There are 2 protein chains.
Amino acid sequence: MPKKVVPETERLRRRPTRRGTVLSEKLIVRTALRMLREHGSAGLTARRLGAALGADPSTLYRYFAGLDDLTRAIGEELMGRALDSWTASGKWRADLRSLGLAIHTSYLAHPQAALLTASRVTGRPREIEVDETILGILRGAGFGDVDAVGLYHAFIDLALAFAALDAGALAVKDEARRADENMWTSTYARLPSETHPHIAATAHLLADRMNLSAYPIVLDTLLDRAEAVRSRQSRPKP
Amino acid sequence: MPKKVVPETERLRRRPTRRGTVLSEKLIVRTALRMLREHGSAGLTARRLGAALGADPSTLYRYFAGLDDLTRAIGEELMGRALDSWTASGKWRADLRSLGLAIHTSYLAHPQAALLTASRVTGRPREIEVDETILGILRGAGFGDVDAVGLYHAFIDLALAFAALDAGALAVKDEARRADENMWTSTYARLPSETHPHIAATAHLLADRMNLSAYPIVLDTLLDRAEAVRSRQSRPKP
DNA sequence: GGTTAAGGTCTACGGCGTTGGCATAAGGGA
DNA sequence: TCCCTTATGCCAACGCCGTAGACCTTAACC
């Protein structure tokens, strides 16, 4: 095993691989994202990633402690992209809403990657930056610390949970374009009304609805609650 | 490869394995659940499962088309357990709440299994039964079909999404009892207040809060919204 | 009791993550 | 400018994995 993984910032001797490409954490993560998109979530292997980079698989271990570590770096990348695509307006509710949607969108842009990473806390810089931002919005809006932390928790978990769930649905569609691609029209629409009256009665609505994410609605519901909490507080800032 | 997977109901010739155990879908699924709990989510392999059952690994392919199929059966088992542990009271809000918590609890009882299955739609009987039950509660409470379907969608996705997310947190704790077991006290509590004022100010609250699930709060928020929707309807049933 | 095939076992293949040893060239110091 | 150190690449190998296909054995049925 390589003695040690050298931090990216201290990496000075950049030797090209046999095929001429110069490696870096960023290049590896981006190549991994591309492979996940093209070959599905089972298609990311050290050997394949090495081949795509024109490098020996074992070289990856100079950059990441293992595939698990690489996975965390991918999650960090997605979180960073969400943050980069977001701008603050100064209005707390609008900002929280757009940040939540930015996270959700960023993850769903890479469903297979999202599946691997959305349920992991990485503790890396960009992720911490997101946490700090959310808490800043809430505290800046005048929420007390206890309320702010409670809302922060619900907010971030909701975003990640739906990112993972919706990514799962998308990934299945992308990867296996099988006959059961639309389970809702194939299986559910055929259930007899004697045994499943409620599904039978609403099957046409279900088929439409289940292809959309419930996240925006649930997020708005959470923000409604936040607003209610805030209006109870003494002298809220405007 | 075995010619075909024989459906459990048509399975007649029950031959014991070399070590004397008589196999069945149920026994295999339960053994798999036990292995997941004891050896973590990476510990479930065909060879190990075979060994635990006293059977050759390839025998499993007489019962399931592959590990993927077995995974779906495990999800179905968890959903079935949730349903079995739940009883209807007739009050729609209480029933939805208890059913949501039952699903969440059932999955969290096997975090590693939940991680593998929570983001998959199986289309198997017990899962369909849950869907039918939720729609029945909503339509029975007087919700119109469009509202019922919208709420159903948010409800089931929320339950599964939080099951997966919280299971992830639990599984990490269970599996790798590492130094970073509590990232929230190790990493986050040490961030300097100059760069991360909001995290620093609330670190003590965060550490407590992040070890609980945000699911009950978010669920109640969703039910609040349902109640508001319902009170707008004409002549709601009691 | 003989026949049939369900349901076991055995063997093997290709691929996986990961490791330790080794070669080589990049960069710093003289 | 040239040498030295060592970071960073490559190679070969280990012990796993999922699963396919051939084969064997015995339960169920007439």
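These numbers were taken from a predicted model, which means no experiment stands behind them. In what follows, every chain begins at residue 1, and chains take the letters A, B, ... in the order their sequences are listed.
- Within 3.5 Å, no donor on the side chain of B/Thr45 pairs with an acceptor on the base of D/dC16, nor the reverse.
- An OP1 or OP2 oxygen of C/dG8 is reached within less than 4.0 angstrom by a side-chain nitrogen or oxygen of B/Tyr63.
- Residues satisfying the side chain to side chain contact (heavy atoms under 4.5 Å, CB included) test with B/Ser24, not counting sequence neighbours, are B/Glu8, B/Arg14, B/Lys26, B/Leu27.
- One can place CD of B/Glu25 at 11 Å from P of C/dG7, the figure rounded to the nearest angstrom.
- Here the C1' atom of nucleotide C/dT19 and the CG atom of A/Asp69 are 17 Å apart, to the nearest Å.
- Backbone-only contact: B/Thr17 has heavy atoms under 4.0 Å from sugar-phosphate atoms and none from a base.
- A/Leu23 places its CG atom 5 Å from the P atom of D/dG9, with the value rounded to the nearest Å.
- Under the 4.0 Å criterion applied to side-chain N and carboxylate O atoms, B/Arg126 and B/Asp84 are assigned as salt-bridge partners.
- Classification of A/Arg81 and A/Glu77 as a salt-bridged pair holds, one side-chain N sitting under 4.0 Å from a carboxylate O.
- Computed from coordinates, the A/Asp56 CG to C/dT24 C1' distance equals 15 Å when rounded to whole Å.
- Residue-to-nucleotide contacts include a donor-acceptor pair under 3.5 Å from the side chain of A/Arg15 to the base of C/dT24.
- Rounded to whole Å, the distance from CZ on A/Arg62 to C1' on D/dT6 is 10 Å.
- Looking at B/Arg47, its side chain comes within 3.5 Å of the base of D/dG18 through a donor and an acceptor atom.
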